[in-house]
Amino acid sequence: MWEILQDNALLLLIGQYPHGPIGGLAATLGLAAISLLLAFPGGILLALGRVSPYRIFYLPASAIVYVVRGLPLLMFIFWAYFFVPLIIGRPVAGATTMVVALVIYESAYLAEIIRAGIQALPDGQQEASRALGMSYMQTMRKVILPQALFNMLPSMLSQFISTVKETSLAYVIGVQELTYAANQINSVLLTKPLEVFTLLALTYFVLNFGLTCLVALTERMIKRKRSGQAVKVATT
């Protein structure tokens with residue numbers, strides 16, 4: 001495996017770049033980060049719909065979340081692969097197709113994370129805000145959402161880890177991410193599939209273990225901040 005890594009390190013890291021599209025680990029991280037960032041506004045809107053007291057917002061948001069969470073990501077990848085070119089009237093790159101599928105998929109999961117953060121806050125905060133004359137949307141925008149998003153930051157980082165793993169499905173539509181690069185190496189070597197895919201598994205493990213440590217560090221930071229705020233309130 002060490003020899004395979006030495007001979008193919010650049011392919012695993014950046015793919016065929018600069019002689020081709022960027023790929024490998026860089027493409028994997030890029031796909032995950034871009035998809036999660038683009039899914040974030042949709043996740044907030046769906047979460048607000050899920051906690052809305054109005055059925056006109058609650059029912060469609062709940063239907064979208066349940067349907068998306070009830071289907072495998074591979075289905076959305078295939079749908080995006082065939083339907084996006086029909087909608088815009090021209091061929092679409094595989095990476096764009098994967099981003100579209102991930103944005104739809106991750107929006108539903110982020111919505112549930114944000115919803116949990118909103119519902120974990122004391123009801124008194126909404127009541128106090130409304131008593132001060134704030135509208136429902138002002139209360140959500142200025143009081144509830146900032147706290148909920150901060151509290152759920154570790155969960156959102158954990159979702160990023162899941163998204164990194166989900167990008168491995170992009171190889172089925174020819175996106176040159178990390179799994180695709182490993183498959184290219186295996187196609188050249190032919191006789192060492194065990195070593196190649198064990199190296200791929202180790203790469204994913206090291207990457208996700210590092211991100212998990214970042215999540216744990218974020219959780220400790222939030223806990224310290226909460227403890228400091230509690231002490232300050234008690235002192236006051």
>> Using side-chain heavy atoms (C-beta onward) and a distance below 4.5 Å, is Val196 in contact with Asn183?
In response: no
> With a 4.5 Å heavy-atom cut-off, do Leu102 and Met98 have their side chains touching?
Replying inline: yes
> Could you give the distance from OG (Ser107) to CG (Leu36), rounded to the nearest 0.5 Å?
Replying inline: 9.0 Å
> Counting only N and O atoms by type, is there a donor-acceptor contact under 3.5 Å from the side chain of Thr163 to the main-chain atoms of Ala32?
Replying inline: no
> Looking at Gly24 and Ala181, what are the two nearest heavy atoms and their distance?
Replying inline: CA-CB, 4.4 Å
> Is a donor on one side and an acceptor on the other found under 3.5 Å between the side chain of Glu166 and the backbone of Leu169?
Replying inline: no
> Shortest non-hydrogen contact from Leu178 to Leu12?
Replying inline: CD1-O, 3.5 Å
>> Tell me whether Leu207 shares a hydrophobic cluster with Leu11, the cluster being built from Ile, Leu, Val, Met, Phe, Trp, Tyr side chains joined at under 4.5 Å.
In response: yes
> Restricting to pairs with a member in residues 8-35, which pass salt bridge (charged side-chain N to carboxylate O under 4.0 Å, His left out), not counting sequence neighbours?
Replying inline: none
> Could you go step by step and tell me if Leu157 and Thr218 meet the side-chain contact (heavy atoms from CB on, under 4.5 Å) rule?
Replying inline: CA-CA 9 Å; Leu157 289 174; Thr218 305; 3.4 Å; yes
>> Quick check: closest heavy atoms across Ala148 and Leu121, and the distance to 0.1 Å?
In response: N-CD1, 4.1 Å
>> Can a donor-acceptor pair be found, under 3.5 Å and without considering hydrogens, that links the side chain of Asn208 to the backbone of Tyr204?
In response: yes
> In a check of side chain to side chain contact (heavy atoms under 4.5 Å, CB included) between Val92 and each of Val99, Thr97, Val100, which one passes?
Replying inline: Thr97
> Can you name the closest pair of heavy atoms from Ala80 and Pro85 and give their distance?
Replying inline: O-CD, 3.7 Å
>> Check for me, please, whether Tyr180 and Ile34 land in the same ILVMFWY cluster - side-chain distances under 4.5 Å, paths through other members count.
In response: yes
> Is there a donor-acceptor pair under 3.5 Å between the side chain of Thr167 and the backbone N or O of Val164?
Replying inline: yes
> What are the two closest heavy atoms between Ser158 and Val215, and how far apart are they?
Replying inline: OG-CG1, 3.7 Å
>> Other residues, nucleotides and ligands only: do more than 12 of their heavy atoms fall within 6.0 Å of OH on Tyr171?
In response: no
>> Can you confirm whether or not the ring centre of Tyr54 sits under 6.0 Å from the ring centre of Tyr58?
In response: no
> When you look at Phe57 and Leu48, which way does the side-chain contact (heavy atoms from CB on, under 4.5 Å) test go after all the steps?
Replying inline: CA-CA 8 Å; Phe57 300 120; Leu48 291 176; over 6 Å; no
> So how far is it from Leu199 CG to Leu194 CG, rounded to the nearest 0.5 Å?
Replying inline: 11.0 Å
> Which heavy atom of Glu177 sits nearest a heavy atom of Ser168, and at what distance?
Replying inline: OE1-CA, 3.6 Å
> Roughly how far, to the nearest 0.5 Å, is the CG atom of Leu45 from the CD1 atom of Ile114?
Replying inline: 9.0 Å
>> I need the full list of salt bridge (charged side-chain N to carboxylate O under 4.0 Å, His left out) pairs touching residues 94-118, with sequence neighbours left out, sorted by first then second residue.
In response: Arg50-Glu112, Glu112-Arg115
> Using the ring of each side chain (for Trp, its six-membered ring), is Tyr109 parallel, tilted or perpendicular to Tyr105, with breaks at 30° and 60°?
Replying inline: tilted
> Just how far is it from atom CZ of Phe83 to atom CD1 of Ile88, taken to the nearest 0.5 Å?
Replying inline: 14.0 Å
>> One pair to check against side-chain contact (heavy atoms from CB on, under 4.5 Å): Leu73 and Ile77. What are the steps and the verdict?
In response: CA-CA 6 Å; Leu73 174 59; Ile77 294 173; 4.0 Å; yes
> Would you find a donor on one side and an acceptor on the other, under 3.5 Å apart, between the side chain of Asn151 and the backbone of Gln147?
Replying inline: yes
>> Side-chain heavy atoms nearer than 4.5 Å, only ILVMFWY residues, links allowed to pass through others: does that put Ile113 and Leu46 together?
In response: no
> So does Ile56 have more than 12 non-hydrogen atoms from other groups sitting under 6.0 Å from CD1?
Replying inline: no
> Any link between Ile104 and Ile44 through a network of hydrophobic side chains (Ile, Leu, Val, Met, Phe, Trp, Tyr) touching at under 4.5 Å?
Replying inline: no
>> Could you see if Ile161 belongs to whatever hydrophobic cluster contains Leu217? Use Ile, Leu, Val, Met, Phe, Trp, Tyr and a side-chain cutoff under 4.5 Å.
In response: no
> Are Pro146 and Phe150 side-chain neighbours, meaning at least one heavy-atom pair lies under 4.5 Å?
Replying inline: no
>> Going by the rule ring pair (Phe, Tyr, Trp, His ring centres under 6.0 Å), which residues pair with Phe78 if we only count those two or more places apart in sequence or in a different chain?
In response: none
>> Are there over 12 heavy-atom neighbours, none belonging to Phe197, within less than 6.0 Å of that residue's CZ?
In response: yes
>> Assess the residue pair Met134 and Arg141 against the criterion (side-chain contact (heavy atoms from CB on, under 4.5 Å)); give the C-alpha distance rounded to whole Å, side-chain angles, the decisive distance to 0.1 Å, and a yes or no.
In response: CA-CA 10 Å; Met134 290 187 180; Arg141 181 168 56 88; over 6 Å; no
